[in-house]
Number of protein chains: 2
Amino acid sequence: MANDFFGQIDPPQRLLMGPGPVNVHPRVLRAMAADMLGQFDPEMTTYMNETMALYRQVFMTQNRWTFLVDGTARAGIEAALVSLVEPGSKILIVRAGRFGLLLSEIAERIGAEICTIDLPWGEVATLEQIEEALIAHRPQVFACIHGDTSTTMAQPLEGVGALCRKYDVLSYVDATATLGGMPVAVDAWGVDVVSGGLQKCMGGPPGSAPITISDRAAEHIMARRHVEAGIRSGDMANGSRARIPSNYFDLALVMDYWSEKRLNHHTEATTMLYGAREAARVMLEEGLDARFARHKAAGAAMVAGLRAMGLKVFGNDAYRMTNVTGVWIPEGVEGERVRQRMRDDFGIEIGTAFGPLAGKIWRIGAMGYNAKKHNVLLTLGALETCLAAEGYAVKRGAGVDAALATCQN
Amino acid sequence: MANDFFGQIDPPQRLLMGPGPVNVHPRVLRAMAADMLGQFDPEMTTYMNETMALYRQVFMTQNRWTFLVDGTARAGIEAALVSLVEPGSKILIVRAGRFGLLLSEIAERIGAEICTIDLPWGEVATLEQIEEALIAHRPQVFACIHGDTSTTMAQPLEGVGALCRKYDVLSYVDATATLGGMPVAVDAWGVDVVSGGLQKCMGGPPGSAPITISDRAAEHIMARRHVEAGIRSGDMANGSRARIPSNYFDLALVMDYWSEKRLNHHTEATTMLYGAREAARVMLEEGLDARFARHKAAGAAMVAGLRAMGLKVFGNDAYRMTNVTGVWIPEGVEGERVRQRMRDDFGIEIGTAFGPLAGKIWRIGAMGYNAKKHNVLLTLGALETCLAAEGYAVKRGAGVDAALATCQN
């Protein structure tokens, strides 16, 4: 009979060096083991307020509206777009990888008019390209991906916020794959809405999407506010602009819930909030600069090691994400068999790829809790063995030695 | 400096006897402490398949499509409605409490034509009323709430599925507040889509929404399928019907992700999946009948105890949910001060109310891990003391004695 219910959760020991999710910091898992609180209990609302304060530091912003969307990183993206973009309004999207395509996919479903800066997978847009497109299309909203794991490239964002403000455009940036690993300098960039996830450089599990919203974007969103009939009271006026076509992702309602009003919306995902809060505490105790430097060092060691093994690294060094590296699968080597050997023989996961890069590159991450020298060295050593087993001529030890050398510089 | 990062998560010990969230079964919290897996690793996809099998038993169904939506219970509701209801199509909604109103709120945002069976908060619809409305309005979709915690009443659902099928109507039922506590007999009811949550009778934390979908509803949803450009390949045809206006809640894409295709969509919220899986295992090991009986006994003890204290229980006994009880706040007693005393002096949370019942009733739950004799007795004893402190004339000991007597019958 017990067979119908399967066994306990007992995942194999695995070092996750793909593009995420990655191993969770043990402190985060421990924090998530705490029991529930009533959702309007002062202890719970205090945790919510503290989480807001912590994520202001994580997002390097003063934005009052900095909180969590209850869902995976993709939920944060959709909440941002559906709340910012009105049906029939125009959005300009940079598309240079899978997640840029996802932005236009979501915007299409909103019924927005979409204009794009389309680039080959792996390129980034220049400020000039963005300004030209803003002038040509005059959109209401601009959206792009900071670090697109599908290409391992990071879009430079200095100056983008100012450009958007110059043309009176609201801006959105998805920072799922960079938050906690590279500077996500929301106020310095001057962008309006930025969302992220926990399962990459934040060292948490997937399932919660931190988001931050500038005052001017919040004002726009609040003008679309529409309170539920079941909890509406006399003094709650609805906004003048087009109603947001989702209730769950209506950020005006979610802001009311996270504000002193505590207007009931969803029931906050308590355990995920505990985890998000602890992930931010771990990050801030380490220090932003130290943390970004750790990711950069791990990424540099990975790139050096891969190159010393004779492999060709994907994309332009100038725009490389520090926390995930694309590497071309050498001719004659079957990519999926190498991934399988990595997993079966070494307990290490590296990533496959999507779209035009599927079967052509592996994506090897060093994110969050895993962005450390020893994990890079172990991964390179294992990869060397797996490549040799596939008949690829690799100078044994070269990758690990080169990676180790970068750490000693 | 450490002050900027606040302290560890360390919630006060609290017995949560409101309408949810409630205390989580310790086994669920322990399961959630396990580390991540790669999302397409065989161990992870095995856990996903096992979770599907477990929730088929929880939902008392053979439905192939039984899985989790990554978000709170409200995310499950929105995913169901946005995937079933096409813009401009007609939906018939039973509204007899806050969550019925939420259904029409969501349907409005979808752009559906809404017709309703409107009842005073606390009533339920009869089969005759439903059939009349189906004939009068000829909707494409029928939707209602099984147990509406805002009124503590459960809508009877025997025969509703057959009625809907007779008029070729797809049916949706929200079972957030009853799943795991009262029979949610999906196949016996013959309804098409049912969603729930973890944070009430399932004894888990909020943040994951189990859902089950009949084959005919899945066919309808798959006809609205639209694969993302970033991962589309040659053999993936898009459906013929109106595209689902949300990407995150597009159940066609979520089904592709949970199917053997494993088409990437969101990154499954691993920790919440571990918790959902363990909550189902705990429930099934207890046995459905034993579990429903336990909730029923706890609810009956609560009702008997409240009545013995001279309090008036809200609503009709014939339709009462077994796991949460509404009780009128006696005249001259300040409801919020009693709740505060309960929390401050006894560490026990009971619930407030919404809408027309706000300030008029308390809602006292006995759900999931907490649906036990000792918790009911402790709650009644504490409530008696708090009422006496407010000057309410209560015969000391009467409530606890009466509740205990129901347990000995």
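Residue numbering restarts at 1 for every chain, and letters A, B, ... go by the order of the sequence lines.
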(request) Walk me through it: do A:R281 and A:E285 pass the test salt bridge (Lys or Arg N to Asp or Glu O under 4.0 Å)? (result) CA-CA 6 Å; A:R281 290 179 74 236; A:E285 288 178 19; 3.6 Å; yes
(request) Check for a donor-acceptor pair, side chain of B:T270 on one end and backbone N or O of B:E268 on the other, with a separation under 3.5 Å. (result) yes
(message) Counting heavy-atom pairs closer than 4.5 Å to chain B, which one of A:N264, A:D70, A:L101, A:T271 comes out on top?
(response) A:N264
(request) Sort B:E50 into side chain, backbone, both or neither according to what part of it lies under 4.5 angstrom from a heavy atom of chain A. (result) both
(request) With a 4.5 Å cut-off on heavy-atom pairs, point out which of B:P12, B:G111, B:G18 contacts chain A the most. (result) B:P12
(message) Tell me if the centroids of the rings in B:Y248 and A:Y248 come within less than 6.0 Å of each other.
(response) no
(request) Find the one option among B:G355, B:A31, B:P21, B:G38 whose heavy-atom pairs under 4.5 Å with chain A are most numerous. (result) B:G38
(request) Would you confirm whether B:R225, through its side chain, and B:L253, through its main-chain N or O, come within 3.5 Å as a donor-acceptor pair? (result) no
(message) Tell me if a side-chain donor or acceptor on A:S246 pairs with a main-chain N or O of A:I244 at a distance below 3.5 Å.
(response) no
(request) Ignoring hydrogens and angles, state whether a donor on the side chain of B:H265 or B:D250 is under 3.5 Å from an acceptor on the partner side chain. (result) no
(message) Looking at every heavy atom in both A:Y55 and A:A276, which two are closest together, and how far apart are they?
(response) OH-O, 2.6 Å
(message) Let's test your reading of the structure: which of B:V22, B:V28, B:I110, B:D41 forms the most heavy-atom pairs below 4.5 Å with chain A?
(response) B:D41
(request) Examine whether an atom of A:E43 lies under 4.5 Å from a heavy atom of chain B, and if so say whether it belongs to the side chain, the backbone or both; otherwise answer neither. (result) side chain
(message) Quick check: closest heavy atoms across A:F354 and A:W121, and the distance to 0.1 Å?
(response) O-CZ3, 3.4 Å
(request) Identify which part of A:L16 has an atom lying under 4.5 Å from any heavy atom of chain B, answering side chain, backbone, both or neither. (result) side chain
(message) Can you classify the ring geometry of B:F249 versus A:F249 as parallel (below 30°), tilted (30 to 60°) or perpendicular (above 60°)?
(response) parallel
(request) Flag the one option from A:E349, A:M44, A:M36, A:R243 with the top tally of heavy-atom pairs under 4.5 Å to chain B. (result) A:R243
(request) Would you mind checking which part of A:M32 comes under 4.5 Å of any heavy atom in chain B, side chain (CB onward), backbone (N, CA, C, O), both or neither? (result) both
(message) Under 4.5 Å from any heavy atom of chain B, what part of A:Q199 do you find: side chain, backbone, both or neither?
(response) side chain
(request) Would you mind checking which part of A:P87 comes under 4.5 Å of any heavy atom in chain B, side chain (CB onward), backbone (N, CA, C, O), both or neither? (result) neither
(message) Under a 4.5 Å cutoff for heavy-atom pairs, which residue among A:Q57, A:R27, A:Q39 has the most contacts with chain B?
(response) A:Q57
(message) Is A:V82 in contact with chain B via its backbone, its side chain, both, or neither, using a 4.5 Å heavy-atom distance?
(response) neither
(message) If we ignore hydrogens and angles and just use 3.5 Å, is the side chain of A:N23 paired with the main-chain N or O of A:R14 as donor and acceptor?
(response) yes
(request) Heavy-atom distances under 4.5 Å only: say whether A:R343 touches chain B with side chain, backbone, both or neither. (result) side chain
(message) At a 4.5 Å cut-off on heavy atoms, which part of A:I9 comes close to chain B: side chain, backbone, both, or neither?
(response) both
(request) Could you tell me which portion of B:P42 (side chain, backbone, both or neither) has an atom closer than 4.5 angstrom to a non-hydrogen atom of chain A? (result) side chain
(request) Check whether A:E78 gets within reach of chain B through its side chain, its backbone, both or neither, counting any heavy atom under 4.5 Å. (result) side chain
(request) Mind ranking B:A280, B:G207, B:P245 by heavy-atom pairs under 4.5 Å with chain A and telling me who comes out on top? (result) B:P245
(message) Which one wins on heavy-atom pair count under 4.5 Å against chain B: A:I106, A:T46, A:L54?
(response) A:L54
(request) Give the minimum heavy-atom separation between A:R277 and A:Y47, together with the two atoms involved. (result) NE-CD2, 3.6 Å
(message) Under 4.5 Å from any heavy atom of chain B, what part of A:Y274 do you find: side chain, backbone, both or neither?
(response) both
(request) Let me know if A:Q13 has heavy atoms under 4.5 Å from chain B in its side chain, its backbone, both or neither. (result) neither
(request) Heavy atoms only, distances under 4.5 angstrom: which of A:G71, A:G20, A:A75, A:A358 has the most pairs with chain B? Name it, please. (result) A:A75
(request) Look only at the side chain of A:R363 and the backbone of A:P19, and say whether a donor-acceptor pair between them is shorter than 3.5 Å. (result) no
(request) Could you check which of A:D35, A:L29, A:L102 has the highest count of heavy-atom pairs closer than 4.5 Å to chain B? (result) A:D35
(message) Check whether A:R224 reaches the backbone of A:S83 with its side chain - one donor and one acceptor, N or O, closer than 3.5 Å.
(response) yes
(request) May I ask you to check whether A:R95 and A:S104 show a side-chain donor-acceptor distance below 3.5 Å? (result) yes
